[in-house]
Amino acid sequence: MSRLIPSEIEPKWQAAWDDAECFRAVHDPERPKYYVLEMFPYPSGRIHIGHVRNYTMGDVIARYKSSCGFSVLHPMGWDAFGMPAENAAMASGGHPATWTYDNIREMRAQMKPLGLSIDWTREFATCDPEYYAQQQRLFIDMLEEGLIYRKAAVVNWDPVDMTVLANEQVENGRGWRSGALVERRELTQWFFKISDFAEELLEALDGLEKWPEKVRLMQANWIGKSRGLQFAFSLVDDPDGFDRVEVYTTRPDTLMGASFVGISPDHPLAKALEKDNAEIAAFNAECRRMGTSEEELETAEKRGFDTGLTVRHPFDTAWELPVYIANFILMDYGTGAIFGCPAHDARDLEFARKYDLPVVSTFEPLDAEGFVAPDDGGDAYVPQKSEKVSYVKGFAGDEAQTGSQGIDAAIAFCEDSGVGRGVTKFRLRDWGLSRQRYWGCPIPVVHCSTCGTVPEKRENLPVRLPDDVSFDQPGNPLDRHPTWRDVPCPKCGAPAKRETDTMDTFVDSSWYFARFTAPHAETPTNMAEAGYWMNVDQYIGGIEHAILHLLYSRFFARAMHLTGHLPERCKEPFEALFTQGMVTHEIYQTRDAQDRPVYHLPEDVERRDDGVFLRDTGAAVEVIPSAKMSKSKKNVVDPVAIVESYGADTARWFVMSDSPPERDVEWTAAGAEAAFKHLGRVYRIAFELKDAGAPEGGAEDAALERATHRAIADVTEGIEGFAFNTSIAKLYGFTNTIAKSKASAGARAQAMRTMAQLMSPMTPHLAEEVWSLLAGEGLVAQAAWPKADPALLVEDSVTLPIQINGKRRGELEVAADADKAAVETLVLEHPAVVKALDGGQPKKLIVVPGRIVNVVV
RNA sequence: GCCCGAGUGGCGGAAUGGUAGACGCAGCGGAUUCAAAAUCCGCCGGUAGCGAUACCGUGCGAGUUCGAGUCUCGCCUCGGGCACCA
């Protein structure tokens, strides 16, 4: 075979790896371990090119670390519970379990040909009863530990389908299937007490040094620690026995600019008022028709209802402020009531202008020139808290101070005068885990009229999902399944009812990484295995999980420690995190007779010099710039088809080569073709050298050896730094060097063996083929990673650019170890410098050894 | 709306505050071939110039610095997240 034929070599080497059990994770106390994990996939049924990129990144790391002598754990599983399976069952009548397991079988079959170094013996799906049994056990342990409780919370309720909707199932305030107006409804639901850990989860972020800064920032903002003032406005009358409205503010320094008090429609006072006031009831009802997402509340038009009540300003009992019910105030945050200071909050200003409320500045810029105050029609003035401002209506401390100082002074003043107290609050809310759906992990609790909520006995776990369910009626099938639902109380034996809510799928993914260390243990984890394999040394996944999944997992690791399922040092389970970008593709669009867009698959269009056209009709196609691949836009490429035509190595090489891993990569047919050609070239070079003897040892051989060591150093650095694209660029360069080298065949063969090793994390099949062609020993997959010899990396001389006033004007070749003084002398002799100086002296001469020279004249 | 990113040739991108455009794609020129495919060699940011070279150039506008793609501030555009999508 003188030509690379992936379909022949790829299955061959995959079989060889299987035979040698190369990827079986071995608990070997003698060796350091390395746990590399990619966020496990949802089994949608088809792998996506984004999966190929995600798993190839992990595979590069896994294979590299294995070559470096680590005992590697690189597992794979399925995030298998969730709504799509139920939606499919509703749409086509099957069972979610059948749909899910069929999809898993299909996706596994698509993933295997990629040649990933995964230990498939550890595979599981979160919908396996074996897995969720252990999750139920964790639930009971956490419940007993006081980490779980019940309270009322609002959900999106579809009054026609009689079901709870996810935020994504609400479109413009209506249910996606029924089209009915969605209501907010309160249900009693289960919660994890994640807010108890707010301070700790925030502080521990500092220790996550190998996490992207942006993810730590996003989590810190999400936890949202704030210091503020809590105090009460006294009500002028005492409606329904309410004598005060408790508010929390992070800007107590603006208290003299208050112009109204706002309360949430869900505030106890609002609820009391609506009992005797139909207008308020109507307004509150309307607010409750809004969705439950923060985004919706924030972007909705700010609306309020004047209750007619007034409160007294704490510093001036004659000053009365109106009380509004306002649609943008969350009952979940702070006290569910605020005071509005329109001059220093854009939202309050919008509200004040709408309802004709006063706008009073409490501070202005120190340099007020050109400043239009909000009360004169300008924008709300909201400077950074660190910025010094001039207090025009302050009441505490200096006139000119920073916002932070003003806030501290205001809190101190209010505490001294007994008006309120400084408090620390967090934005982080408790994690509601109840879902009113079938396809999730059952919550192992029974409701008994005498004993209350009773956990299922541990020996009865798992509480299995019943198989005999149908999705032809609205609502949760568990709710109407009498033999499953109606059970005796585990405590007293009296007739009782099972909890019919199931768990949020985020629970499933909050501990799967720990389960991989002992996937078939009779307990959630095996402490010996967890002790060896944890923590995850490198976690890889999408930035879209930056907050929720990662925060929940961090909480779960702590909760699992408290319940004895993980060692204390596993509280931060992910040592290093890498967030990869998406794979994008351009979109091909035509228009139908009604001028509506019609999308076309990449394989159905043809690119010619004069444009892009449909293959079958020849119609001109409009090309829309690359976007995230989506089925609806048809801008998808099927990895299975790519692997069939080019092989897995080409797909792997391309997704690693064209963009930095953290950024999006655009899939292009030309790029895939180029990757394929390059791999063919590497193969050809190796093939021609297959009978080469030993290196002859001339000057050219020595030069090639230096280039080899340079390549080892550069490629290794790229892999270590997650810059796979630059590693690949170096490999292109190294290929060119070998192809052009005049070194002996033996020396070139030697270089190509190193090439095989350096390419093996990215293109493992080709690497094995080249390695075996050139008589490498054993499998590349089991060979030790090459080491660069520092002595071969140093250069004799360097070319220094000479800048004059920061602009490049010449070059200077000097010995690599030339000292500063020697360089300075040479620089001053350089013709361009002599000319620029024109006989004078340089103002400044900057020599950065080995880098650059700058002459200031 | 709020929080977090990203923006560099025709395209994907490279560049510890130190020669902007490595490497690849596309394009152009050449070799090989009866011809093509494949392969190999060379050129390839813009403007002006035969050329040496000069000027401009990293989304826009300021600033710090001997020196800014890189740091700071203010904008613009695009993307991610916003607690029941996973």
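Scope of the values below: all heavy atoms of this structure, side chains included, with no hydrogens, waters or symmetry mates. Chain letters run A, B, ... following the sequence lines, proteins first and then strands; every chain starts at 1.
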Answer yes or no: does a side-chain N or O of [X] lie under 4.0 Å from OP1 or OP2 of [N]?
X        : N     : value
A/Asn221 : B/C4  : yes
A/Arg435 : B/C84 : yes
A/Asn167 : B/C82 : no
A/Lys807 : B/C56 : yes
A/Lys740 : B/G42 : yes

Most 5' of A/Ser657 and A/Leu187 on RNA chain B, judged by nearest nucleotide:
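Comparing both residues, the 5'-ward one is A/Ser657.
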Assign each of A/Thr799 and A/Phe81 to its nearest nucleotide of RNA chain B by heavy atoms, then name whichever residue's nucleotide is nearer the 5' end.
A/Thr799
Between [options], spot the one nearest the side chain of [X], thanks.
X        : options             : value
A/Arg427 : B/A83, B/A15, B/C23 : B/A83
A/Thr726 : B/G12, B/C84, B/A14 : B/A14
A/Asn736 : B/A14, B/G24, B/A86 : B/G24
A/Pro84  : B/A86, B/U39, B/G80 : B/A86
A/Tyr42  : B/A86, B/C66, B/G1  : B/A86
A/Lys844 : B/C84, B/C66, B/A86 : B/C66
A/Glu544 : B/A86, B/C84, B/G24 : B/A86
A/Asn854 : B/G67, B/G24, B/G1  : B/G67

Based on the glycosidic angle (syn within 90° of 0, else anti), state the conformation of B/G9.
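Because its glycosidic torsion lies within 90° of 0, B/G9 adopts the syn conformation.
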Stepwise ring-ring contact (aromatic ring centres under 6.0 Å, His included) check, A/Phe722 with A/Phe724:
CA-CA 6 Å; A/Phe722 256 86; A/Phe724 307 125; 5.1 Å; yes
What is the distance, to the nearest angstrom, from the [atom1] atom on [X] to the [atom2] atom on [N]?
X        : N     : atom1 : atom2 : value
A/Leu550 : B/C82 : CG    : P     : 13 Å
A/Gln169 : B/A86 : CD    : P     : 9 Å
A/Arg437 : B/C84 : CZ    : C1'   : 6 Å
A/Phe687 : B/U39 : CZ    : P     : 17 Å
A/Ile846 : B/U19 : CD1   : P     : 14 Å
A/Trp431 : B/C82 : CH2   : P     : 15 Å
A/Glu688 : B/U39 : CD    : P     : 13 Å

Please state the C1' separation for the pair B/G69 and B/G45 - nearest whole angstrom.
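That atom pair is separated by 15 Å.
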Would you confirm whether the ring centroid of A/Tyr131 sits within less than 6.0 angstrom of the ring centroid of A/Trp511?
yes
Decide whether a cation-pi geometry holds between A/Lys425 and A/Tyr333; the criteria are a distance under 6.0 Å from NZ or CZ to the six-membered ring centre and an angle within 45° of the ring axis.
no
Under 3.5 Å on both distances, the Watson-Crick or G-U partner of B/C60
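Result: B/G74.
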Less than 4.5 Å apart, any side-chain heavy atom of A/Phe556 and any of A/Val507?
yes
